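Remarks on the structure that follows.
This one's a predicted model, so the numbers in the text were calculated from it and none came from an experiment. When a ligand or atom number is given, it counts from 1 through the structure's own listing order.
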Amino acid sequence: MTSHTLNELIAEGVRGRYILVRSDLNVPLDGSTVTDDGRIKASLPVIEKLSDAGARVLVTAHLGRPKGSPEAKYSLKPAVARLAELAPFKVQLADDTVGESAKELAGSLDDGDVLVLENVRFDARETSKDDAERGAFADELVALTGENGAFVDDAFGAVHRKHSSVYDVATKLPSYQGDLVHTEVEVLRKLTTDTQRPYVVVLGGSKVSDKLAVIDNLLGKADTILVGGGMLFTFLAAVGHKVAGSLLEADQIPVVQDYLKRASDAGTAFVIPTDVVVASRFSADAEHEVVAADAIEDSSFGASGIGLDIGPVSAAAFAEQIKAAKTVFWNGPMGVFEFEAFSGGTRAIAQALTETPAFTVVGGGDSAAAVRTLGFEDSQFGHISTGGGASLEYLEGKDLPGLSVLDR
Ligand SMILES: Nc1ncnc2c1ncn2[C@@H]1O[C@H](COP(=O)(O)OP(=O)(O)OP(=O)(O)O)[C@@H](O)[C@H]1O
Ligand SMILES: O=C(O)[C@H](O)COP(=O)(O)O
């Protein structure tokens, strides 16, 4: 199956037409400062191509996980301000997504102008499980494009979401694959069709249940899974250790126990940290110490200690596995890298990825942000994917709604 491409759309002619573009502008923020603009830079070329060709571009995007109504902290304002700084064309942000502001500003666009609609997740219908609700929201987005609109999906990071702005709009408008989605799929396809072994997957981050879900399909595909970040505590709990105040998804313990049971038959080895950096509280200047992973509650902070990074012994062991691999996929920071004191594990993994002869792919908004924040260059890695969950689900071989809906 193939999708229509952006170049085909441009060849059809877009001057004066309203083109709805789904971008992934879900960038990390510190207050109103964008701390890593990787996804904005990656989204720019498609928007620019359409603007240059004279389209009136309506960009949809999400930021964070608001609960279905407007929340100032999840406004796209900082992301759009950065986009406007980088863009050689006029960019505006509507105050709402499909309301009066969006309609009025869309109506006043000139050829080549770009209007970003406010966070699509400010409307609960965007992420609804109910097809009719999502469809109704999609209808309102589509209505903004008038008579001769089209849809371009360029939000690789969101292609695993069956959401109105990703999936449903594509069922209602002539739809095309953006260049970013195209490039990402090409690189990740290489990982799945011609995997050089050993294939090591490094998992971390804080979206614990999302990431645990993908392990099911990685069993048998990956030779080794290195477990760090927030999810490591659910693994430790699954083997009977206490994790004090660390991030724990207790309801996922049986899931992890099942994975551990099935792993050796599947030919996949899990490597779980043997030491952890435990802090007195969740703060950049918290007191902290390294303890054995089976003795977290024995740290000076007792039952209130929080594990915020993998320890140095584990980091070194992970680095050895990475250096001996032929293919490495990494998603999710090993610890709270935003705080210098807890960035050691993530830094060690990034360093090992730059030293291994393996083909390396870093996936995820926060993982990409981590490597850049820690001073590494994109060019030191085989590929830095803008997709976190999306790249993982692609590698699992799952049907991704945002991709399959574009297939003709
Ligand atoms: N031990 C831990 N406790 C709490 N948070 C953690 C821990 N380890 C890592 N994190 C946090 O995980 C966050 C990143 O997790 P996430 O799962 O979102 O990564 P990602 O997949 O790269 O990003 P995305 O899914 O947004 O593309 C970081 O902000 C980091 O601080
Ligand atoms: O950060 C991401 O991985 C994408 O922007 C998707 O965000 P989500 O996990 O909140 O759907």
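- Those atoms of ligand 2 that come under 4.0 Å of a heavy atom in Arg161, given as number and element, are 8 (P), 9 (O), 11 (O).
- A salt bridge is defined here as a Lys NZ or Arg NE, NH1 or NH2 lying under 4.0 Å from an Asp or Glu carboxylate O, and Lys190 with Asp194 fails to meet this definition.
- Polar contact with ligand 2: absent for Asp210 (N/O pair, distance under 3.5 Å).
- Between the side chain of Asp24 and the backbone N or O of Phe156 there is no donor-acceptor pair closer than 3.5 Å.
- Near Asn331, meaning under 4.0 Å from any of its heavy atoms, are these atoms of ligand 1: 21 (O).
- Between the choices Met334, Lys207, Lys211, Arg65, the shortest heavy-atom distance to atom 19 (O) of ligand 1 belongs to Lys211.
- Using a non-hydrogen distance threshold of 4.0 Å, Gly157 does not register as a contact of ligand 1.
- With hydrogens and angles ignored, the 3.5 Å screen pairs no side-chain donor or acceptor of Ser379 with any backbone N or O of Glu377.
- Distance from atom 2 (C) of ligand 2 to its nearest protein heavy atom, with residue and atom name: Arg39 NH2, 3.3 Å.
- Near Gly365, the atoms of ligand 1 lying under 4.0 angstrom from a non-hydrogen atom of the residue are 22 (O), 23 (O), 24 (P), 27 (O).
- Proximity to Pro333 (heavy-atom distance under 4.0 Å) selects the following atoms of ligand 1: 9 (C), 14 (C), 19 (O).
- Under a 4.0 angstrom heavy-atom cut-off, Phe233 registers as being in contact with ligand 1.
- Of the protein's non-hydrogen atoms, Val336 CG2, 3.6 Å is the one closest to atom 6 (C) of ligand 1.
- Given atom 9 (C) of ligand 1, the protein heavy atom at minimum distance is Gly335 O, 3.2 Å.
- For the pair His160 and ligand 2, the shortest N or O to N or O distance does not fall below 3.5 Å.
- The residue Met231 has no part lying near ligand 1, judged by heavy-atom distances below 4.0 Å.
- For atom 31 (O) of ligand 1, the closest non-hydrogen atom of the protein is Glu338 OE1, 2.7 Å.
- The residues Glu340 and Arg347 are annotated as salt-bridged, a charged nitrogen and a carboxylate oxygen being separated by less than 4.0 angstrom.
- Considering backbone and side-chain N/O atoms, Gly307 comes within less than 3.5 Å of an N/O atom of ligand 1.
- Scanning the protein for heavy atoms near atom 4 (C) of ligand 2, the closest one is Gly157 O, 3.3 Å.
- Residue contact check: Ser367 has heavy atoms under 4.0 Å from atoms 20 (P), 22 (O) of ligand 1.
- The contact set between ligand 2 and Arg65, taken as ligand atoms under 4.0 Å from a residue heavy atom, comprises 8 (P), 9 (O), 10 (O).
- Defined by atom type and a distance below 3.5 Å, a donor-acceptor pair is present between the side-chain atoms of His383 and Glu184.
- The protein non-hydrogen atom at the shortest distance from atom 13 (C) of ligand 1 is Ser206 OG, 3.5 Å.
- Here's the thing with Asn26: none of its N/O atoms is less than 3.5 angstrom from an N/O atom of ligand 1.
- Close N/O approach between His163 and ligand 2 is not found [any backbone or side-chain N/O within under 3.5 Å].
- With hydrogens and angles disregarded, no donor-acceptor distance shorter than 3.5 Å links the side chain of Ser69 to the backbone of Phe122.
- Protein heavy atom at the shortest distance from atom 7 (O) of ligand 2 is His62 NE2, 3.1 Å.
- Close contacts of ligand 1 with Arg39, meaning ligand atoms under 4.0 Å from a residue heavy atom, involve 27 (O).
- Looking at Lys162 and Asp168, no side-chain N of the basic residue comes within less than 4.0 Å of a carboxylate O on the acidic one, giving no salt bridge.
- Applying the salt bridge (Lys or Arg N to Asp or Glu O under 4.0 Å) test to Asp113 and every residue at least two apart in sequence or in another chain returns nothing.
- A donor-acceptor contact shorter than 3.5 Å links the side chain of Ser246 to the backbone of Gly307.
- With distances taken over non-hydrogen atoms, the option nearest atom 23 (O) of ligand 1 out of Asp366, Leu248, Val276 is Asp366.
- We find that Glu126 and Arg134 are not joined by a salt bridge, their nearest charged nitrogen and carboxylate oxygen being 4.0 Å or further apart.
- Ion pair Lys221/Glu396 not flagged as a salt bridge, since none of the NZ, NE, NH1 or NH2 atoms sits closer than 4.0 Å to an Asp/Glu carboxylate oxygen.
- Residue Lys398 qualifies as enclosed at atom NZ: its count of foreign heavy atoms under 6.0 Å is above 12.
- Taking each of Gly332, Gly230, Gly387, Ser385 in turn, the one with a heavy atom nearest to atom 7 (C) of ligand 1 proves to be Gly230.
- With a 4.0 Å cut-off on non-hydrogen atoms, Ile306 does not touch ligand 1 at all.
- Checking side-chain atoms of Thr327 against main-chain N and O of Arg197 turns up no donor-acceptor pair under 3.5 Å.
- Partners of Phe270 under the ring pair (Phe, Tyr, Trp, His ring centres under 6.0 Å) rule, at least two apart in sequence or in another chain, are Phe235.
- Under a 4.0 Å N-O distance rule, the pair Arg65/Asp210 qualifies as a salt bridge.
- Counting the atoms of ligand 2 from 1 in the order shown, those under 4.0 Å from a heavy atom of Asp24 are 4 (C), 5 (O).
- Judged purely by atom type and a 3.5 angstrom limit, Arg121 uses its side chain to pair as donor or acceptor with the backbone of Gly64.
- Within ligand 2, counting atoms from 1 as listed, the ones closer than 4.0 Å to a heavy atom of Asn26 are 1 (O), 2 (C), 4 (C), 5 (O), 7 (O).
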